[in-house]
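A short write-up of the structure that comes next.
Please read all numbers here as calculations on a predicted model, not as lab measurements.
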Amino acid sequence: MSATGSCCVYDGVTRNPVTVTVAYQVIPGRETEFHSWGWAVLRASAREPGFLGGGVLVDGEAEWHVVYRFDSESTALAWENSASWAQWGARVEGLARETGRRSVQGSRVWFDSQADSPPAAAAPTPPRPPDKWKLWFVNMSAVFPPVLIFNLTILPFLGGVNPLIRTLLLCLAVTALVTWILMPRLQRFFKKWLYPPLQALRGRHKRRTA
């Protein structure tokens, strides 16, 4: 540990630091977005007075934890009651649901966590988005079947309809099927193929937990 890091930890010990763990249930298929959100929150909290470090951990398929540490209960509460935290909380809606929160005072929990995980300064960068050709393949897999079915079963009966109306009906039907039915299922089915870095992160965390 560097000299600067030692000073920060020593100062945190004397001021009775607080470690907060917030648990989230992540919507299937939105793990990478939540992972990026979690590290962005920690970068924002790092600009607040008293911040000591933090991390984003995953336990199981959808249980995630955002952990952050401040040098006192007052600085932790100041961050949690800030407008910035409220804005970040609004951004996570649609990605995950908060399921629990735990706050622990003292130093032991911090040193224990440092023995099991890298410091926040060495935190891994969020997994990059999937390759464009992979996204193209998944999108084609979602769009092609309903377009084919619509052309074979519906369009023959709409030959006398205005082309603009006919195209609009096709687009409405296909986009509805893709958005609410096909794409969520395909994202879950191809999740390990689309986001291999995220699966590697899960594997490392599961091995460390075991």
If you measure from [atom1] on [X] to [atom2] on [Y], what distance do you get to the nearest 0.5 Å?
X	Y	atom1	atom2	value
Leu135	Phe190	CG	CZ	12.0 Å
Gln87	Arg91	CD	CZ	6.5 Å
Trp88	Trp37	CH2	CH2	8.5 Å
Glu31	Glu33	CD	CD	9.5 Å
Ile154	Leu152	CD1	CG	10.0 Å
Asn162	Leu168	CG	CG	10.5 Å

- Query: Phe137 vs Trp193 aromatic rings, parallel, tilted or perpendicular, using cut-offs 30° and 60°?
  - Reply: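 The arrangement is perpendicular - the two ring planes meet at more than 60°.
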- Apply side chain to side chain contact (heavy atoms under 4.5 Å, CB included) to the pair Val18 and Arg69, showing each step before the final yes or no. CA-CA 6 Å; Val18 175; Arg69 183 172 176 81; over 6 Å; no
May I ask whether [X] and [Y] are part of the same hydrophobic cluster, defined by side-chain heavy atoms of I, L, V, M, F, W, Y residues being less than 4.5 angstrom apart, directly or through others?
X	Y	value
Leu155	Ile165	yes
Val174	Phe157	no
Val178	Trp136	yes
Leu172	Phe144	no
Leu170	Leu158	yes

Side-chain touch [X]/[Y], heavy atoms, less than 4.5 angstrom:
X	Y	result
Leu52	Pro17	yes
Leu95	Ile27	no
Val138	Met183	yes
Val67	Val20	no
Val56	His35	yes
Phe150	Leu177	no
Phe34	Val92	yes

Smallest separation among heavy atoms of [X] and [Y], with atom names:
X	Y	answer
Ala142	Leu182	O-CD1, 3.1 Å
Gly38	Val66	CA-CG2, 4.4 Å
Ala23	His65	CB-CD2, 3.7 Å
Thr75	Pro49	CB-O, 3.7 Å
Leu42	Gly55	CD1-N, 3.4 Å
Thr153	Pro156	C-CD, 4.0 Å

- Item | Linked hydrophobic residues, Leu164 as query - side chain contacts closer than 4.5 Å |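 Via sub-4.5 Å side-chain contacts, Leu164 links to none.
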- Query: Just by distance, do the side chain of Glu48 and the backbone of Ala46 share a donor-acceptor pair under 3.5 Å?
  - Reply: no
- Task: Report the residues that fulfil side-chain contact (heavy atoms from CB on, under 4.5 Å) with Trp85, sequence neighbours left out, ordered by chain and then residue number.
- Result: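 Checked Trp85 against side-chain contact (heavy atoms from CB on, under 4.5 Å); matches are Tyr24, Val41, Tyr68, Trp79, Ser82, Arg101.
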- Task: Could you name each residue pair satisfying side chain to side chain donor-acceptor pair (under 3.5 Å) that touches residues 163-185, not counting sequence neighbours?
- Result: none
